[in-house]
**Q** 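A single structure is presented below for examination.
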Amino acid sequence: MAANLPLISIIFLSFCYVASSFDQVSFLQCFSLHPLQSNSTSKTITTRKDPTYISLLQSSIQNLRFLNTSSPSPQLIVTPVNPSQIQAAIVCSQKLGVHVRVRSGGHDYEGLSYVSQMPFIIIDLRNMRLVEVDVEKERAWVETGATVGELYYAISQRSKVLGFPAGSCPTVGVGGQVSGGGVGTIFRKYGLAADNVIDAKIVDVNGKVLDRKAMGEDLFWAIRGGGGASFGVIFAWKFVLVPVPPTVTVFEVGKTIEEDATMLLYKWQNVAHKFHEDLFLHAVTGVVTPSSSLANKTISISFGGLYLGKIEKLLPSIQESFPELGLTRENCTEMSWIQSVLYFAGFSQDGSPEVLLNRTQSSRSFFKAKSDYVMEPISQRALQGLWNKLIEDETSYLILTPYGGVMSQISDSATPFPHRGGNMYQIQYMVTWDSEEENNQKINWMRELYDYMAPYVSRFPRAAYMNYRDLDLGRNYVINTTYAQASVWGLKYFRGNFKRLVKVKTASDPANFFWNEQSFPVLSPGRR
Ligand SMILES: Cc1cc2nc3c(=O)[nH]c(=O)nc-3n(C[C@H](O)[C@H](O)[C@H](O)COP(=O)(O)OP(=O)(O)OC[C@H]3O[C@@H](n4cnc5c(N)ncnc54)[C@H](O)[C@@H]3O)c2cc1C
Ligand SMILES: *[C@@H]1O[C@H](CO)[C@@H](O)[C@H](O)[C@H]1NC(C)=O
Ligand SMILES: *[C@@H]1O[C@H](CO)[C@@H](O)[C@H](O)[C@H]1NC(C)=O
Ligand SMILES: *[C@@H]1O[C@H](CO)[C@@H](O)[C@H](O)[C@H]1NC(C)=O
Ligand SMILES: *[C@@H]1O[C@H](CO)[C@@H](O)[C@H](O)[C@H]1NC(C)=O
Ligand SMILES: *[C@@H]1O[C@H](CO)[C@@H](O)[C@H](O)[C@H]1NC(C)=O
Ligand SMILES: *[C@@H]1O[C@H](CO)[C@@H](O)[C@H](O)[C@H]1NC(C)=O
């Protein structure tokens with residue numbers, strides 16, 4: 001990070017040559033004349049003069065760090081209602097030399113779906129969110145503007161014994177999450193969301209609509225874990241739905257470090273990734289601030305579980321493999337799968353599942369997150385050091401997600417997501433805050449935490465999950481970033497798959513129209 005200053009001047013220089021002023025009138029003309037689009041531009045395009053511009057721009061922004069007035073804002077926002085309007089937006093952006101950012105749910109940790117240093121427009125897919133569930137065939141076509149909550153809701157309305165293995169937060173967009181992987185509570189049994197994609201529709205850089213057959217297996221491979229943003233605008237996925245039992249069991253056991261949580265977590269590291277794939281048991285840490293000024297702050301660890309079956313089968317198995325947890329019948333609740341979705345989303349499992357259709361997060365904050373993969377157990381002594389660090393910031397927490405199960409059986413190169421066998425668990429580090437003034441202090445604190453953890457996590461490369469995007473891992477400062485420069489972040493997210501991703505990028509978008517701070521570089525002609 002010491003290199004910040006010189007890099008800023010590089011950004012400035014390298015962006016000059018594209019910084020011609022944006023010709024909005026010509027864009028609107030181009031868009032309305034596009035033969036395929038439906039001639040109803042009024043609702044489809046929102047310009048800066050439009051009174052709804054600010055609210056439309058800000059509505060799905062999740063990280064308040066990128067909601068400030070000095071963030072560069074788009075020239076206009078296109079909210080297509082059909083693929084032709086996406087085609088028109090792509091063709092016209094290139095004609096007028098303006099960049100494009102694509103947004104589905106707006107949850108990108110670094111704001112890449114709605115902030116760019118170059119003149120840009122946003123294609124926001126919020127109006128394309130049809131979910132078509134075929135119960136007989138156990139398949140669904142899902143438009144990418146849908147949230148995972150809308151997807152789960154639609155499935156549950158049609159069947160009590162079908163589900164889908166995407167993430168836990170219902171407001172996340174299907175477009176961003178599935179193209180980057182998608183880790184959730186049933187992924188030890190069914191893999192990532194991306195592992196369950198069997199077809200997709202994309203508008204490519206030429207403005208062509210391509211399905212799996214037309215795009216070919218290389219591009220179809222790349223968009224299932226490599227992120228969509230480097231390749232085009234994905235507007236629909238075809239998913240395989242997965243069976244879920246009519247009754248599942250959830251449970252939660254919380255302990256502080258005074259109650260031996262460190263020993264429990266130490267044990268958890270060794271067992272959670274070996275459990276039967278029907279059992280998911282994650283650990284979430286938090287800082288507890290006591291009400292009495294005499295007591296000290298402490299760390300609590302909540303062990304939260306989902307079992308794809310009934311209590312009577314869960315109890316004996318966990319009492320055998322993890323007796324230290326002290327799980328009892330009273331700690332467990334049986335419910336339907338969709339109720340477990342509500343439960344893990346933080347809603348009451350007895351409430352109406354319609355809350356899954358609400359696209360607004362209950363609370364938004366400023367945040368900085370990072371991720372790691374753990375391949376060997378971390379000692380209790382090192383964990384104690386971790387607690388000492390976490391206790392410095394009350395808003396910090398970690399989410400430890402166990403891998404194993406089917407995740408270890410899928411090959412590292414089956415999709416771009418490479419974090420399969422050999423990984424015991426994934427750590428997500430999170431710190432939040434409420435005002436811009438705290439940005440530097442909080443981000444620096446997070447970097448210290450990350451430095452502390454370096455000896456205990458995966459190395460060469462120190463791997464990371466691309467859906468927990470982190471620009472500290474490296475970024476493209478220029479459009480013509482080289483392979484070597486991009487591999488700094490690329491190998492962390494994609495390990496051995498990075499090379500193939502760069503080749504697919506080079507073949508599908510040779511002029512690098514779909515550029516962002518962490519998009520794949522295009523190989524120079526000599527290296528193709
Ligand atoms: C509160 C919260 C909870 C989360 N929980 C989980 C979880 O349980 N499991 C998990 O795996 N991840 C989780 N994530 C991470 C999440 O999966 C990623 O942030 C994901 O990329 C967000 O997708 P989005 O569509 O909402 O984001 P966006 O910001 O809209 O997009 C993210 C990236 O994908 C690109 N993109 C989006 N849509 C398209 C498209 N249609 N075509 C091409 N490119 C596109 C964007 O340009 C951007 O680069 C969580 C994030 C948050 C903020
Ligand atoms: C849009 O309008 C043009 C000119 O009036 C017309 O030629 C074209 O067919 C229309 N497109 C659609 C999809 O209706
Ligand atoms: C405002 O947002 C930009 C990114 O859009 C960020 O780089 C900058 O640090 C933010 N400014 C402040 C004062 O937080
Ligand atoms: C688990 O159940 C026991 C009783 O069997 C109870 O004492 C304990 O508080 C419960 N734990 C939680 C986290 O609910
Ligand atoms: C709080 O921490 C201090 C210093 O470590 C220790 O001396 C004291 O006993 C602790 N208080 C409680 C209530 O645990
Ligand atoms: C959606 O959720 C937000 C945040 O929790 C809440 O303020 C809003 O009222 C909800 N909208 C509806 C229609 O329930
Ligand atoms: C990138 O492009 C710019 C502008 O065309 C050029 O000046 C620069 O030398 C190029 N850099 C590399 C690494 O190719």
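Atoms within each ligand, like the ligands themselves, are counted from 1 in listed order.
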**Q** Which of the listed options, Asn467, Leu192, Val183, holds the heavy atom that is closest to atom 9 (N) of ligand 1?
**A** Val183

**Q** Glu110 pairs by salt bridge (Lys or Arg N to Asp or Glu O under 4.0 Å) with which of Arg469, Lys368, Arg475?
**A** Lys368

**Q** Looking only at N/O atoms, are Val174 and ligand 1 under 3.5 Å apart anywhere?
**A** no

**Q** With a 4.0 Å cut-off on N to O distance, would you call Lys267 and Glu324 a salt bridge?
**A** yes

**Q** Does an N or O anywhere in Asn331 fall below 3.5 Å from an N or O of ligand 4?
**A** yes

**Q** So does Ser71 get a backbone contact from the side chain of Asn68, meaning a donor-acceptor N/O pair under 3.5 Å?
**A** yes

**Q** Would you check whether Tyr465 reaches within less than 4.0 Å of ligand 1, judged by its heavy atoms?
**A** yes

**Q** Of the listed options (Gly232, Ser519, Ser179), which comes nearest to atom 43 (C) of ligand 1 when hydrogens are ignored and any heavy atom counts?
**A** Gly232

**Q** Hey, does Gly105 come in under 3.5 Å of ligand 1, counting only N/O atoms on both sides?
**A** yes

**Q** Under 4.0 Å from atom 9 (O) of ligand 4, is there at least one protein heavy atom?
**A** no

**Q** Can you check whether Gly173 has an N/O within less than 3.5 Å of an N/O in ligand 1?
**A** yes

**Q** Could you tell me if any non-hydrogen atom of Gln361 lies under 4.0 Å from any atom of ligand 6?
**A** yes

**Q** Could you check whether the rings of Trp237 and Phe239 sit parallel, tilted or perpendicular, using 30° and 60° as the cut-offs?
**A** parallel

**Q** Does Arg103, backbone or side chain, put an N or O under 3.5 Å from an N or O of ligand 1?
**A** no

**Q** N/O to N/O below 3.5 Å, does that happen between Gly176 and ligand 1?
**A** yes

**Q** Closest non-hydrogen protein atom to atom 6 (C) of ligand 6, residue and atom name please, with distance?
**A** Asn358 ND2, 4.2 Å

**Q** Please say whether Gln62 places an N or O atom under 3.5 Å from an N or O atom belonging to ligand 1.
**A** no

**Q** So is Arg469 polar-close to ligand 1, meaning N/O to N/O under 3.5 Å?
**A** yes

**Q** Below 4.0 angstrom, counting only protein heavy atoms, does anything approach atom 14 (O) of ligand 4?
**A** yes

**Q** If you measure every N or O of Thr171 against every N or O of ligand 1, does any of those distances drop under 3.5 Å?
**A** no

**Q** For atom 5 (O) of ligand 6, grab the closest protein heavy atom and report residue, atom and distance to one decimal in Å.
**A** Ser362 CA, 3.4 Å

**Q** Under 30°, 30 to 60°, or over 60°: which ring-plane class applies to Phe322 and Phe275, parallel, tilted or perpendicular?
**A** tilted

**Q** Return a yes/no value for Asp108: is any of its N or O atoms, backbone included, closer than 3.5 angstrom to an N or O of ligand 1?
**A** yes

**Q** Judging by distance only, is a nitrogen or oxygen of Ser113 under 3.5 angstrom from one on ligand 1?
**A** yes

**Q** Counting only heavy atoms closer than 4.0 Å, does ligand 1 sit against the backbone of Thr147, its side chain, both, or neither?
**A** neither

